[in-house]
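Heads up, the thing below is written out as structure tokens.
Only heavy atoms go into these numbers, but all of them, side chains included; no hydrogens, no water, no symmetry mates. Computed from a prediction, not measured in an experiment: that's the story for all the values here. Labels below follow one simple rule: chain letters A, B, ... track the order of the sequence lines, proteins then strands, and each chain is numbered from 1.
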Number of protein chains: 2
Amino acid sequence: MMIAEKISKKQIIINAAADLFKDKGYKAASIRDLATKVGLEPSSIYSHIKSKEDLLSEICMGCAQKFTEGMAQISNTDMSSRKKIGALITLHLDIAFENLASITVFNDEWRYLPDSVLNEFLILRKDYEKQFKKILMEGKEEGKFEFQHTDIVFNVIIKTLSWSYAGVKKYKKEELQQELTSFISNALHKN
Amino acid sequence: MMIAEKISKKQIIINAAADLFKDKGYKAASIRDLATKVGLEPSSIYSHIKSKEDLLSEICMGCAQKFTEGMAQISNTDMSSRKKIGALITLHLDIAFENLASITVFNDEWRYLPDSVLNEFLILRKDYEKQFKKILMEGKEEGKFEFQHTDIVFNVIIKTLSWSYAGVKKYKKEELQQELTSFISNALHKN
DNA sequence: CCTACCGATCGGTAGG
DNA sequence: CCTACCGATCGGTAGG
């Protein structure tokens with residue numbers, strides 16, 4: 001019971017931190033802001049977390065984990081390349097709609113991670129990129145997709161998907177999904 | 001002569017600030033960092049600029065001005081909608097290749113602008129967005145483009161273009177231009 | 001979880 | 001353009 005309450009309070013603080021880091025930026029947000037937000041004195045925050053960097057680490061690595069798991073499920077199926085891209089679009093939207101603040105921080109503030117966590121983060125990201133590009137290249141080899149540089153197209157798609165976080169407030173998930181799928185699918189299509 | 005030297009030194013400081021803000025983020029970059037970078041004592045920086053916020057303002061508004069001017073030239077021609085989109089892609093790439101640090105700061109750090117400048121910035125941005133969307137809607141009405149939500153497509157294209165800043169180091173302008181034009185053009189195409 | 005507090009760093013000024 | 005310095009704020013700790 002005590003432990004369950006403590007985990008819960010920690011999670012409340014992490015979620016509040018995600019909101020705060022999203023609104024003000026990691027460096028501009030202070031532990032004092034956070035304390036006010038959760039109704040504690042600044043020093044009491046440290047009963048639940050080790051450091052400000054720890055908060056950022058929990059937020060960013062939590063999202064990274066979700067992407068890693070989602071990608072593992074998608075790349076291990078026998079869907080067509082085009083279907084896999086569609087599933088990846090859905091994955092990004094699902095994570096965004098689940099916790100908008102966290103994914104925004106994951107997206108915009110990861111560079112402030114402390115070195116050791118940053119290394120881990122970059123490994124997961126590199127892995128994700130590798131698997132994403134593999135799907136693009138397979139589609140190209142099968143004659144389904146048409147483009148010159150896999151790297152450019154990958155980055156453009158990732159940016160497109162990461163914009164969708166801004167669309168979460170304005171559109172239903174289905175609207176975003178349909179428009180993004182159609183846009184990207186056309187973009188990859190052979191003329 | 002004196003005046004010319006002073007303007008020049010101010011510009012050196014602004015350019016160094018753009019580099020610094022790009023590398024560390026506006027909030028994490030200090031005037032002391034900047035002073036070291038240009039070989040001055042921290043307080044001497046203030047002989048050339050009024051405040052740290054002023055540096056950010058000069059960088060962001062400088063870029064905003066370039067986009068505003070570029071858009072004015074493009075939208076006042078009688079090019080086709082598709083040609084106009086192509087010209088906008090070129091505009092973004094030109095500005096990015098001209099000063100990568102500035103456009104990155106413009107893109108990622110504008111939210112730290114002081115209120116009065118922020119208002120001005122948002123007006124220019126809103127205006128740019130309005131004219132960009134008008135081109136998209138005209139293309140749609142003429143049956144050249146196919147999509148549901150102008151707003152979503154606009155934002156996706158803008159994000160795609162803003163990724164290109166990351167591609168500046170790795171690709172030639174022509175490669176990026178060709179790949180982005182082809183990607184976006186396909187994305188907008190009627191099936 | 002709070003009171004009390006610390007050392008470090010920040011943007012910026014005074015005065016020359 | 002520098003020396004000297006200031007008030008504010010920061011992340012975080014000691015001790016209860």
DNA chain C: 5'-proximal contact among B/Lys27 and A/Arg32 (nearest heavy atom): A/Arg32
C/dA8: pairing nucleotide in any strand, Watson-Crick or G-U under 3.5 angstrom: D/dT9
Distance below 4.0 Å between B/Ser44 side-chain N/O and D/dC2 OP1 or OP2: yes
Among D/dG11, C/dC1, C/dG12, the nucleotide that comes nearest once only the side chain of B/Ser51 is considered: C/dG12
Distance, rounded to the nearest Å, where B/Ile31 contributes CD1 and C/dG11 contributes P: 5 Å
Atom pair distance, as rounded to whole Å: CG in A/Leu20 and P in D/dG11: 10 Å
Nearest-Å distance for atom pair CD1/P, residues A/Ile45 and D/dG12: 12 Å
Atom-to-atom span, NE2 of B/His48 to C1' of D/dC1 - whole angstrom: 8 Å
Aromatic centroids of A/Phe106 and A/Tyr165 separated by under 6.0 Å: no
Distance, rounded to the nearest Å, where A/Ile13 contributes CD1 and D/dG12 contributes C1': 15 Å
From C/dC1, C/dT3, D/dG12, nucleotide with atom closest to A/Glu41 side chain: C/dT3
d(CG, B/Leu34; P, C/dG11) in whole Å: 10 Å
Any B/Lys50 side-chain nitrogen or oxygen under 4.0 Å from OP1 or OP2 of C/dG12: no
Length of the CG-C1' vector between A/Leu56 and D/dG11, whole Å: 14 Å
Residues A/Ser75 and A/Gln131: side-chain donor-acceptor under 3.5 angstrom: yes
Short N-O contact, B/Glu142 and B/Lys144, less than 4.0 angstrom: yes
Atom-to-atom span, CD1 of A/Ile49 to P of C/dC1 - whole angstrom: 13 Å
Sugar-phosphate, base or nothing in reach of B/Ser43, heavy atoms under 4.0 Å: base
Sugar-phosphate only, base, or nothing, as touched by B/Ala29 at under 4.0 Å among non-hydrogen atoms: sugar-phosphate
Parallel, tilted or perpendicular: ring planes of A/Phe132 versus A/Phe154, cut at 30 and 60 degrees: perpendicular
Nucleotide nearest A/Ser30 (side chain, heavy atoms from C-beta), chosen from D/dC10, D/dT13, C/dC2: D/dC10
Counterpart base for D/dG16, defined by Watson-Crick or G-U wobble contacts under 3.5 Å: C/dC1
Side chains of B/Leu161 and B/Ile184 in contact at under 4.5 Å (non-hydrogen atoms): yes
